Amino acid sequence: MSVTVHELAARLADRLRRQMPAGSRLDRLATDLETAFTGAVAPVDDAGCRAVQALAQRHARHLELHFHAGREAAAADEAGGWPPPDPLRVQAQAAGVTQVRRDDDRFVLQLDALEPLGLAAPYVDAAFTLARGASRLVLDLRRNGGGDPATVAAVAGRLLGDDATHLSDVTYRDRVRQWWTPDLPAGTALTQPLAVLVSGHTYSSAEALAYHLQARGRAVVVGEPTRGAADHVTPVWLTPEVLCLLPEAEVRDARTGTNWEGTGVIPDIACPAAEALENA
């Protein structure tokens, strides 16, 4: 029997109450989901998923619903978990290190993904080697859709200093996890002036990287406000055909005590994303 849009919204609200950290934001989100779709008795389809997602993202920008027509599963409401990364894919894409260059004594790193640190570290390390001796640094995150918080910490560590720095507290329903940059050998971290380029496509952990650097006065952020997704999410099948990226933890920057949820990272120098490098 087909699941209706109302039933999907109710399932989502129930799952959020069981998994998302308690608080007023959860209460508003769950209540809105339960009341807004009361009369929505049409079977779930892609349009229905988009409607539920649009309402949910008023409160949680990282909550996503993806409709997979005709998919069959043994059980609905199953926790899918993140699939293991494909090493060959990561290697073929150089772990998101899309471009590294030196021009006019300026180092520019375009980083389009934050792949799992175990696979990304050799590429990130190699890229930063070219930064030695440059007078200025540019980190281009305009196309970065996020990824591994450990890779965020590793990249931030290269830019914040050799000593470990407390970046964030991530609050789950039952625990809090701290993220720190690693301790580095003396003289490893880069100290040159830094600009970070962002856009409306900069998302999730890429936003975290820009926010942490900006909050510590390490970087001038240039471009457009980012998308404003600060939660950690996990994939859950709400029905055999609907995959949800469900918020399971809230991030708080250790310096500011807050985050970029809903607002995005606000640039210090606002300009169209296409002009960010020039303005930097």
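Since the model is a prediction, treat every value here as computed from it, not as a measurement.
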Can you check side chain to side chain donor-acceptor pair (under 3.5 Å) on Thr38 and His6, steps first, answer last?
CA-CA 6 Å; Thr38 300; His6 168 68; 4.8 Å; no
Check for a donor-acceptor pair, side chain of [X] on one end and backbone N or O of [Y] on the other, with a separation under 3.5 Å.
X	Y	result
Asp148	Leu117	yes
Asp46	Phe67	no
Arg61	Arg227	yes
Asp231	Pro247	no
Gln214	Ala219	no
Thr188	Pro185	yes
Gln53	Leu65	yes
Gln192	Ala134	yes
Asn259	Val251	yes
Trp260	Ala229	yes

Which heavy atom in [X] sits nearest to a heavy atom in [Y], and how many Å separate them?
X	Y	value
Ser205	Gly147	OG-O, 2.9 Å
Ala30	Ala13	O-CB, 3.8 Å
Leu111	Ala95	CD1-O, 4.2 Å
Val196	Ala210	CG1-CB, 4.0 Å
Ala215	Thr256	CB-CG2, 3.7 Å
Pro122	Gly118	CD-O, 4.3 Å

Distance in Å, [X] [atom1] paired with [Y] [atom2], rounded so as to fall on 0.5 Å steps:
X	Y	atom1	atom2	value
Glu34	Leu16	CD	CG	10.0 Å
Asp183	Asp162	CG	CG	9.0 Å
Thr165	Trp179	OG1	CH2	15.0 Å
His232	Met20	NE2	CE	13.0 Å
Arg15	Leu33	CZ	CG	14.5 Å
Ser24	Leu29	OG	CG	11.0 Å

Could you state whether [X] and [Y] fall into the same hydrophobic cluster, counting links through intermediate Ile, Leu, Val, Met, Phe, Trp or Tyr residues with side-chain heavy atoms under 4.5 angstrom apart?
X	Y	answer
Val44	Phe37	yes
Val220	Leu194	no
Leu109	Tyr123	yes
Val198	Ile266	no
Val152	Val233	no

Should Val155 and Val124 be marked as a side-chain contact (heavy atoms from CB on, under 4.5 Å) after you check the CA-CA gap, both sets of side-chain angles, and the distance that decides it?
CA-CA 8 Å; Val155 174; Val124 172; 4.1 Å; yes
Could you check if a side-chain atom of [X] sits within less than 4.5 angstrom of a side-chain atom of [Y], using non-hydrogen atoms only?
X	Y	result
Ile269	Val221	no
Pro225	Thr263	no
Asn144	Tyr203	no
Gln19	Arg173	no
Pro21	Tyr172	no
Leu159	Leu213	yes
Ser204	His62	yes
Leu167	Asp253	no

Assess, by modelled atom type and distance only, whether the side chains of Thr226 and Tyr211 contain a donor and an acceptor separated by less than 3.5 Å.
no
Could you tell me whether [X] and [Y] have a side-chain N and a carboxylate O separated by less than 4.0 Å?
X	Y	value
Arg142	Glu224	no
Glu115	Arg89	yes
Arg18	Asp14	yes
Asp103	Arg106	yes
Arg17	Asp27	no

Applying ring-ring contact (aromatic ring centres under 6.0 Å, His included) to His201 and not counting sequence neighbours gives none
Apply side-chain contact (heavy atoms from CB on, under 4.5 Å) to residues Val170 and Val176 and explain how you reach the verdict.
CA-CA 6 Å; Val170 181; Val176 177; over 6 Å; no
Arg143: side chain to side chain donor-acceptor pair (under 3.5 Å) partners, not counting sequence neighbours:
none
Under the side chain to side chain donor-acceptor pair (under 3.5 Å) rule, what do His59 and Gln57 come out as? Steps first, then yes or no, please.
CA-CA 5 Å; His59 306 282; Gln57 286 188 351; over 6 Å; no
Counting only heavy atoms not in Asp86, do more than 12 sit closer than 6.0 Å to its CG atom?
yes
Is the charged tip of Arg71 near the ring of Trp237: under 6.0 Å from the six-membered ring centre and within 45° of its axis?
yes
Could you tell me whether Arg102 sits above the aromatic face of Phe107, with NZ or CZ closer than 6.0 angstrom to the six-membered ring centre and within 45 degrees of the axis?
no
Between Glu250 and Glu261, is a side-chain contact (heavy atoms from CB on, under 4.5 Å) present by the stated rule, with each step listed?
CA-CA 9 Å; Glu250 296 179 344; Glu261 177 64 39; over 6 Å; no
Among Leu197, Asp140, Leu209, Leu141, find the residue that satisfies the side-chain contact (heavy atoms from CB on, under 4.5 Å) test when tested with Thr202.
Leu141
Before giving the answer on side-chain contact (heavy atoms from CB on, under 4.5 Å), spell out for Leu8 and Val242 the whole-Å C-alpha distance, their side-chain angles and the decisive distance to 0.1 Å.
CA-CA 9 Å; Leu8 175 67; Val242 179; 4.0 Å; yes
